[in-house]
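To start, the structure under review is shown below, and the notes come after it.
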Amino acid sequence: MTLDTVKVGLIGAGRIGQAHAATLAYRAPGARLVAVADVVEQAARRCAEQFGIATATADYHEILADREITAVLICSGTDTHAQIIEEAARAGKHIFCEKPIALALASIDRALAAVEEAGVKLCIGFNRRFDANFQRIYRALRDGEIGRPEMLHITSRDPGPPPISYIKISGGIFLDMMIHDFDLARFLIGSEVEEVSAVGAVMVDPAIGEAGDLDTAIVVLRFANGVIGTIENSRRAAYGYDQRAEVLGSAGAVRVENNFPNTAIISDGTSVRRDLPLNFFMERYADAYASEMIAFIDAVARDGPVAVTGQDGRAPVVMALAARRSYDEHRPVLVSEIES
Ligand SMILES: NC(=O)c1ccc[n+]([C@@H]2O[C@H](COP(=O)([O-])OP(=O)(O)OC[C@H]3O[C@@H](n4cnc5c(N)ncnc54)[C@H](O)[C@@H]3O)[C@@H](O)[C@H]2O)c1
């Protein structure tokens with residue numbers, strides 16, 4: 001069977017939009033990126049030149065109106081996602097949207113309803129599901145290699161905090177940073193989280209506290225299937241991006257470590273040492289970003305299911321809202337409290 005080339009439009013030509021454009025240009029033979037839109041027209045033009053995209057525009061509506069285009073990638077700022085999802089669905093486009101869908105559940109629900117009504121595909125950019133390390137944990141659990149899972153621990157630390165201007169619009173540490181870990185937790189354990197307890201602090205930069213946010217947090221999760229999980233986040237790790245996870249099961253454990261730029265171990269008379277881990281997400285998850293995009297194109301081309309659904313995009317937002325309420329009210333919060 002030969003599959004038609006999927007014609008794609010990119011909305012938002014910033015950091016992550018360019019990463020996806022590179023995948024479509026070099027690693028996804030089944031897709032062709034034919035148009036790019038960015039409110040900063042110069043950014044759209046630069047992206048078009050770099051990746052050989054025929055059309056560059058400042059107005060994404062041109063992409064939505066183009067009948068040749070069957071799929072769009074929404075890689076603009078978070079505050080634009082829900083609105084563009086609604087419009088893209090109404091235009092009949094299949095949609096890949098970066099995380100998070102939105103910071104408020106009402107906006108997410110409107111967007112998901114539009115997708116449902118239009119009958120188009122929506123895939124959310126939770127890239128960690130495609131990382132080779134976390135995939136291996138997933139398979140170990142799926143195949144029963146460590147028996148019945150009992151405890152999960154995710155360590156997730158950034159090398160340094162983003163600018164305060166970004167912190168102010170980010171939605172806070174739970175919605176901006178831990179959201180990836182909430183998604184990973186649901187993905188690995190394969191069960192919904194029922195209860196969330198959070199403790200947090202400002203240890204990295206007092207300005208983060210003045211902006212109403214935290215930079216250090218630990219969350220305990222209670223899953224419907226009985227598993228207990230912990231996630232810890234810090235906005236600062238002096239040694240770089242720290243992305244590890246472990247699951248303890250009834251018959252053993254599975255653990256993944258950080259990825260490094262090389263495998264050299266240097267031993268001398270005083271220590272055994274190695275270079276620092278890959279510094280941040282664009283390096284650490286480069287292959288995961290490519291794999292998620294290739295999987296999305298494949299789902300569109302073959303009319304198959306997407307790997308990360310709209311509901312998968314919504315659930316971590318609910319968990320993040322529960323975590324913030326738990327921190328504010330100093331008590332465990334049921335996820336059902338956020339829903340009601
Ligand atoms: N999955 C991940 O690991 C990951 C990593 C980084 C960013 N993201 C998400 O991707 C999104 C973009 O992040 P980024 O780091 O690339 O930001 P960025 O600021 O580098 O890029 C965003 C681009 O979108 C453009 N834009 C804004 N509004 C637009 C509109 N209405 N129409 C067209 N273009 C518009 C901006 O001009 C900018 O060029 C955010 O939602 C962020 O949360 C996800």
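Since the structure is predicted, the reported quantities are computational estimates derived from the model, not experimental observations. We count ligands from 1, going down the list as the structure has it; atoms in each ligand are counted the same way. What you see below is based on every heavy atom in this structure, not just the backbone, and it leaves out hydrogens, waters and symmetry mates. Throughout, numbering of the chain's residues begins at 1 and tracks the sequence.
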*Just which atoms of ligand 1 are under 4.0 Å from any heavy atom in T78?*
40 (C), 41 (O), 43 (O)

*Give the contacting part of Y285 toward ligand 1: side chain, backbone, both or neither, where contact means a heavy-atom distance below 4.0 Å.*
neither

_Proximity to ligand 1 by part of R15, non-hydrogen separation under 4.0 Å_ = both

_Heavy-atom pairs closer than 4.0 Å: do any link ligand 1 to the side chain of I16, the backbone, both, or neither?_
both

*Check whether any heavy atom of A43 sits under 4.0 Å from an atom of ligand 1.*
no

*Is T80 in polar range of ligand 1, meaning some N or O pair under 3.5 Å apart?*
no

*Quick one: which ligand 1 atoms are inside 4.0 Å of a heavy atom on G125?*
1 (N)

*Please could you name the atoms of ligand 1 that V40 approaches to less than 4.0 Å, counting only its heavy atoms?*
37 (O)

*When you look for heavy atoms under 4.0 Å from ligand 1, do you find them on the side chain of F126, its backbone, both, or neither?*
neither

*Using a distance-only test with no angle check, is there a side-chain donor-acceptor pair under 3.5 angstrom linking Q83 and R110?*
no

*Shortest protein contact, atom 9 (C) of ligand 1 (heavy atom only)*: K99 O, 3.5 Å

_Quiz question for you: does at least one protein heavy atom lie closer than 4.0 Å to atom 17 (O) of ligand 1?_
no

*asked:* Polar contacts were defined as any N/O atom of the residue lying under 3.5 Å from an N/O atom of the ligand; does this apply to I84 and ligand 1?
replied: no

*Can you tell which part of H180 has a heavy atom less than 4.0 Å from ligand 1: side chain, backbone, both or neither?*
side chain

*Distance flag, aromatic centroids of F96 and H20, threshold under 6.0 Å*: yes

*Please work out whether any backbone atom (N, CA, C, O) or any side-chain heavy atom from C-beta onward of S76 is under 4.0 Å from ligand 1, and answer side chain, backbone, both or neither.*
both

_atom 12 (C) of ligand 1 - nearest protein heavy atom and its distance_ = C75 O, 3.4 Å

*Within the structure, does H81 bring an N/O atom to less than 3.5 angstrom of an N/O atom in ligand 1?*
yes

*asked:* Tell me whether Y60 has any N or O atom under 3.5 angstrom from an N or O of ligand 1.
replied: no

